[in-house]
Number of protein chains: 2
Amino acid sequence: MPPSKPRSPAPLYEQIRQLIVAALAAGEWRPGDALPSEAALAQRFGASPGTVRRAMDELAAEHIVERRQGSGTFVPTHAAPRQQFRFLRLVADDEAEGFTRELLGCRRLRASAEVARALGLRTSEPVIEVRRLLHRRGRPVVLDELWLAERHFEGLTAEVMARHPGTLYALFETRFGVHMVRAEEKLRAVAATPEAAQLLQVSPGEPLLSVERLAFTYGDRPVELRRGLYYTSSDHYRNELN
Amino acid sequence: MPPSKPRSPAPLYEQIRQLIVAALAAGEWRPGDALPSEAALAQRFGASPGTVRRAMDELAAEHIVERRQGSGTFVPTHAAPRQQFRFLRLVADDEAEGFTRELLGCRRLRASAEVARALGLRTSEPVIEVRRLLHRRGRPVVLDELWLAERHFEGLTAEVMARHPGTLYALFETRFGVHMVRAEEKLRAVAATPEAAQLLQVSPGEPLLSVERLAFTYGDRPVELRRGLYYTSSDHYRNELN
DNA sequence: CAGTGGTCTAGACCACCAT
DNA sequence: TGGTGGTCTAGACCACTGC
């Protein structure tokens, strides 16, 4: 019995998609959890299975959920090996894998105008700044500096990061419930400052790839600003254009 | 004792997708043309409309076809304004738009080992090399060098390019029937060589963003190798991570 | 107005996974 | 074996476009 649909601004599958995102943002299902089956969700939202399926298609394409045939639909976690390099596009020319992390510092300060604007904070709101190096084959190749609103990452210290073996995004997810969903990056070539040169073991003025990233959690909320300096002598930033 | 599982053939919608790509590669529909309606295609392939629709969903997501509600489904063309910057991710910090093109040279030579490998040619097969500059606000910001197999671009000369007002990819499409579908890029920061420095009006050694692109036409056939040097002082390469 | 893609429903069967 | 997502079908109605 096809019910006559009332006029609505967004299609039903889009409304359902947004409801699921809202539920994820509210923590109804955490990373690693299975979502209810598509049939159960169809019941919950009063839609047909095909419509819920369409919503899940969109969410799977955005990597907001992950399907496993026969098992169910799950909330992806940055702890999974597959997610390891989802936001780090720097690959070795010879396809070597993996980095080792070296924490340089973690301190609390007031948001600069730039950080405040990017993260949607009031100026001089408390912010946590993290600096670190990534090494490949014993050589530093990435110098990362990143800023987080303290109110979302209360208790983040050098200690906490040192104890955590995985990626930062995996830590943010398990410890602070902040799951990164997508990011925007601006790339430039810049000359190494004396400080960056020393840390990356290159000469001052050496060309470095500057990667400025704004990362978003559910609902397009910006939660991290990051500035990376990549030494691209035997590594490159890989991109795919469609 | 488990019975040997026969290899499952690709799903019907995937087979249909490939048949449509093959028809596009064969030139059955040219850029700007409308494809047959989904109902007509369903008839042609002996599938239900929903299955054909699924195939078109995939093709639309890859930008291999473009849907216009109420009008039909079309082959996109690089001549359309929307496609103008599909493969050029360099944007001005102040969002200014547009470039002016300056052709530096176009000559015929034999494929280097690197070009041959990238384009799948025999070494020393004839290749066309194009060099040009892109200017923004009267200032050079991109130095492009690109290589094409001559057998796919016979008759491409400086004259032909000078007469054509649009982008290179629009020219390739209308004049040579080669439509670019996707590309892979490798980015690095490099120091300007004396020659590049002079052309881009910067000091030798200045950091430049090196963008090496391999562009593909239908069926993942590589047809263009390109090396761009971007001056990223008041422009940046924009990327989106999902 | 006719024709197109866009949405939504309903249900059958298959492939895969855990138990 | 039961439950899950994956495929495929069939058809209704809506929204938009162009004549």
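Numbered from 1 within each chain, the chains take letters A, B, ... in sequence-line order.
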Participant: For residues 27-34 of chain A, run the donor-acceptor check on the side chains, cut-off 3.5 Å, and write out each pair with its distance to 0.1 Å, sequence neighbours left out.
Facilitator:
from    : atom 1 : to      : atom 2 : distance (Å)
A:Glu28 : OE1    : A:Arg44 : NH2    : 3.3
A:Glu28 : OE2    : A:Arg44 : NH1    : 2.9
A:Asp33 : OD2    : A:Arg30 : N      : 2.9

Participant: Checking B:Arg188 now: which residues fulfil salt bridge (Lys or Arg N to Asp or Glu O under 4.0 Å) with it, not counting sequence neighbours?
Facilitator: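 Listed in chain order: A:Asp93.
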Participant: Does anything in residues 70-80 of chain A reach DNA chain C, meaning a heavy atom under 4.0 Å, and if so which residues?
Facilitator: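 By residue number: A:Gly70, A:Ser71.
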Participant: What pairs of donor and acceptor atoms, side-chain ones from residues 71-79 of chain A against any protein atom, are under 3.5 angstrom apart with sequence neighbours left out?
Facilitator:
from    : atom 1 : to       : atom 2 : distance (Å)
A:Thr77 : OG1    : A:Ala79  : N      : 3.0
A:Thr77 : OG1    : A:Glu173 : OE2    : 2.4
A:His78 : NE2    : A:Met180 : O      : 3.0

Participant: For A:Arg175, what residues pass the side chain to side chain donor-acceptor pair (under 3.5 Å) criterion, not counting sequence neighbours?
Facilitator: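 Applying side chain to side chain donor-acceptor pair (under 3.5 Å) to A:Arg175 gives none.
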Participant: Who are the side chain to side chain donor-acceptor pair (under 3.5 Å) partners of B:Arg227, not counting sequence neighbours?
Facilitator: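 Testing B:Arg227 for side chain to side chain donor-acceptor pair (under 3.5 Å), a comparison that skips the adjacent residues, returns B:Ser210.
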Participant: Who pairs with A:Glu66 by salt bridge (Lys or Arg N to Asp or Glu O under 4.0 Å), at least two apart in sequence or on another chain?
Facilitator: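 If we apply the salt bridge (Lys or Arg N to Asp or Glu O under 4.0 Å) test to A:Glu66, skipping adjacent residues, the hits are A:Arg68, A:Arg82.
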Participant: Near DNA chain C, counting only heavy atoms under 4.0 Å, which residues of residues 28-37 of chain B show up?
Facilitator: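 By residue number: B:Ser37.
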Participant: What is the ring orientation for A:Phe172 with A:Tyr169, classed by angle as parallel under 30°, tilted 30 to 60°, or perpendicular over 60°?
Facilitator: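 Plane angle between 30° and 60°, so tilted.
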Participant: Do the side-chain N or O atoms of A:Arg68 get closer than 4.0 angstrom to the phosphate oxygens (OP1, OP2) of D:dG5?
Facilitator: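 Answer no for this pair, as no side-chain N or O of A:Arg68 is under 4.0 Å from OP1 or OP2.
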Participant: Applying salt bridge (Lys or Arg N to Asp or Glu O under 4.0 Å), can you list everything that pairs with B:Arg238, at least two apart in sequence or on another chain?
Facilitator: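 Partners of B:Arg238 by the salt bridge (Lys or Arg N to Asp or Glu O under 4.0 Å) criterion come out as none, since no residue qualifies.
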Participant: Output all residues satisfying side chain to side chain donor-acceptor pair (under 3.5 Å) with B:Arg226, sequence neighbours left out; order by chain, then residue number.
Facilitator: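 Applying side chain to side chain donor-acceptor pair (under 3.5 Å) to B:Arg226 gives B:Asp144, B:Glu224.
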Participant: Give one of base, sugar-phosphate or nothing for A:Gln69, where a contact means two heavy atoms less than 4.0 Å apart.
Facilitator: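 Touches a base.
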Participant: So, using side chain to side chain donor-acceptor pair (under 3.5 Å) as the criterion, who are the partners of A:Arg182 when residues are at least two apart?
Facilitator: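 Applying side chain to side chain donor-acceptor pair (under 3.5 Å) to A:Arg182 gives A:Glu184, A:Asp220, B:Glu240.
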Participant: Mind calculating the distance between CG (A:Leu41) and P (D:dT4) to the nearest angstrom?
Facilitator: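 Those two atoms, CG and P, are 11 Å apart.
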Participant: Do any N or O atoms of the protein come closer than 3.5 Å to N or O atoms of nucleotides 7-10 of chain D, and which pairs are they?
Facilitator:
from  : atom 1 : to      : atom 2 : distance (Å)
D:dT7 : OP1    : B:Tyr13 : OH     : 2.8
D:dT7 : OP2    : B:Arg54 : NH1    : 3.2
D:dT7 : OP2    : B:Arg54 : NH2    : 3.2
D:dC8 : OP1    : B:Leu12 : N      : 2.5
D:dC8 : OP2    : B:Leu12 : N      : 3.1
D:dC8 : OP2    : B:Tyr13 : N      : 3.2
D:dT9 : OP2    : B:Ser48 : N      : 3.0
D:dT9 : OP2    : B:Ser48 : OG     : 3.3
D:dT9 : OP2    : B:Thr51 : OG1    : 2.3

Participant: Could you check how far CD of B:Glu66 sits from P of D:dT17, rounded to whole Å?
Facilitator: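 Nearest whole value for this atom pair: 13 Å.
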